[in-house]
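Heads up: the structure comes next, in structure tokens.
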2 protein chains.
Amino acid sequence: MLNRTRPFSHVLEQLRSVNLRPTRQRLALAKLLFEKPDRHVTAEALHKEAAAEGARVSLATVYNTLHQFTEAGLLKEITVDAGCSYFDTNITSHHHCYDEDTGALMDIPAQHLQVVGSPAIPEGKSIRRIDIVVRVGE
Amino acid sequence: MLNRTRPFSHVLEQLRSVNLRPTRQRLALAKLLFEKPDRHVTAEALHKEAAAEGARVSLATVYNTLHQFTEAGLLKEITVDAGCSYFDTNITSHHHCYDEDTGALMDIPAQHLQVVGSPAIPEGKSIRRIDIVVRVGE
DNA sequence: GTGTTTGCAAAGTGTTTGCAATTTA
DNA sequence: TAAATTGCAAACACTTTGCAAACAC
């Protein structure tokens with residue numbers, strides 16, 4: 001049986017470990033985000049999705065929650081478009097394909113694309129991460 | 001002698017070829033952008049720079065001009081930060097190092113960093129470009 | 001002169017914030 | 001009950017747009 005009856009124990013634990021109370025709003029958003037794998041959402045899109053499911057969550061709370069989840073390591077924030085943040089539920093190392101026409105963001109498994117070489121970086125700084133974005137269109 | 005006495009003939013030609021009249025504002029911005037190599041500017045920053053030089057150019061015109069230059073192939077638009085566009089005068093193929101603390105954007109020569117592998121992309125789409133961003137911080 | 005470009009101010013978009021009311025532990 | 005969280009509306013930062021005046025050809 002294991003954890004079948006507690007589908008969000010992982011999220012619950014993670015929230016607990018970073019002192020985020022499992023409120024109705026956070027649980028509803030977590031359900032939407034983590035029930036299916038490898039989701040890429042914008043705040044606006046997640047807000048609409050929640051509304052469509054009948055979960056009353058304000059847009060401000062969606063923003064707060066996405067940032068809190070990101071800080072907690074449950075999400076990764078992806079920048080592919082100025083003026084709109086994406087959040088990725090796949091927190092493992094990988095890259096992205098961005099459709100500039102539709103705004104769709106897709107994962108590219110780490111093993112499909114690799115960076116060769118080591119760039120010079122400024123004195124006293126360290127690499128936080130290396131992002132590859134494959135931009136596609138018609 | 002060649003073109004020594006006409007330092008902006010290249011830009012003038014480019015502007016002409018895409019039907020952009022060489023106005024006082026466009027020439028002032030081109031001077032700031034192309035006199036030094038490999039510049040990375042935001043609209044706001046370029047606007048301030050122009051003002052500091054005594055060139056009266058409105059912010060709206062800076063935005064318009066940056067986009068027109070980008071369409072003309074004189075600039076490349078770089079997305080590294082949601083909510084702020086960078087424009088790069090280096091239009092050759094290369095990559096970027098972004099300092100998340102200071103907002104500084106630096107070039108990484110193409111030969112220092114390469115992508116290995118070929119990602120699956122959606123049916124009917126083609127790759128417009130592949131960007132690598134090395135994010136650094138303290 | 002004719003069509004293009006500019007500057008302003010207003011509008012737009014995505015995001016953050018202040019704070020009173022609500023909820024959690 | 002004490003502390004955290006929420007929702008609203010206002011504030012924000014960056015960018016775009018509408019339109020009359022100025023400019024380029």
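Just so we're on the same page: letters track the sequence lines, and every chain starts at 1.
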What nitrogen or oxygen pairs link the protein and nucleotides 1-3 of chain D at under 3.5 Å?
none

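The nearest whole Å value for the distance from the CG atom in B/L12 to the C1' atom in D/dC25 is 15 Å. D/dG7 atom P lies 10 Å from atom CG of A/N64, rounded to whole Å. Rounded to a whole Å, the CG atom of A/L59 is 11 Å from the C1' atom of D/dG7. Per the geometry, OH belonging to A/Y63 stands 17 Å off P belonging to D/dA9, to the nearest Å.
Between B/H94 and B/H112, the gap from one ring centroid to the other reaches at least 6.0 Å. Ring centers of A/H67 and A/F87: under 6.0 Å apart, within the cut-off.
Annotation: B/E77, atom CD; neighbour count of heavy atoms from other residues, nucleotides and ligands within 6.0 Å is above 12. Counted within 6.0 Å of CD on A/Q114, heavy atoms from surrounding residues, nucleotides or ligands total more than 12; the atom is thus considered enclosed. In the displayed structure, A/R56 atom CZ is contacted under 6.0 Å by at most 12 heavy atoms of other residues, nucleotides or ligands.
Contact check of residues 76-89 of chain A against DNA chain C (heavy atom, cut-off under 4.0 Å) returns A/G83, A/C84, A/S85. Listed by residue number, there are no residues of residues 41-48 of chain B with a heavy-atom contact under 4.0 Å to DNA chain C.
In this model, a donor atom of one side chain and an acceptor atom of the other lie less than 3.5 Å apart for A/H40 and A/D107.
Listed by chain and number, the residues in a side chain to side chain donor-acceptor pair (under 3.5 Å) with A/H95 amount to none (sequence neighbours excluded). Shown here are the salt bridge (charged side-chain N to carboxylate O under 4.0 Å, His left out) partners of B/R39, two or more places apart in sequence or in another chain: B/E49. Evaluation of the side chain to side chain donor-acceptor pair (under 3.5 Å) rule for A/T23 yields no partner, not counting sequence neighbours. Partners of A/D101 according to the side chain to side chain donor-acceptor pair (under 3.5 Å) rule, which considers only residues two or more places apart in sequence or in another chain, are B/R128. Remark: A/V133 engages A/V80, A/Y98, A/R135 in a side-chain contact (heavy atoms from CB on, under 4.5 Å) (not counting sequence neighbours). Legend: residues meeting side chain to side chain donor-acceptor pair (under 3.5 Å) with B/S58, ordered by chain and number and at least two apart, are B/T61. Among residues two or more places apart in sequence or in another chain, the salt bridge (charged side-chain N to carboxylate O under 4.0 Å, His left out) test is passed with B/D99 by A/K125.
For A/L20, whose side chain is taken as the heavy atoms from C-beta onward, the closest listed nucleotide among D/dG7, D/dT5, D/dT16 is D/dT5. Side-chain proximity of A/R26 to the nucleotides D/dT6, D/dA9, D/dC25 is greatest for D/dT6.
In this structure the side chain of B/D88 never reaches within 4.5 angstrom of the side chain of B/L75, judged on heavy atoms. At a threshold of 4.5 Å between non-hydrogen side-chain atoms, the residues B/L32 and B/E53 count as touching.
Using modelled atom types, no side-chain atom of A/Y86 and backbone atom of A/A43 make a donor-acceptor pair closer than 3.5 Å.
Taking 4.0 angstrom as the limit, A/Q68 places none of its side-chain polar atoms (N or O) nearer than this to OP1 or OP2 of D/dT5.
Using a 4.0 Å cutoff to heavy atoms of chain B, the contacted part of DNA chain C runs 5' to 3' from C/dG3 to C/dC8.
Base-pairing analysis of DNA chain D finds the following stems of at least three consecutive Watson-Crick or G-U pairs, with both pairing distances under 3.5 Å: C:1-25 with D:1-25.
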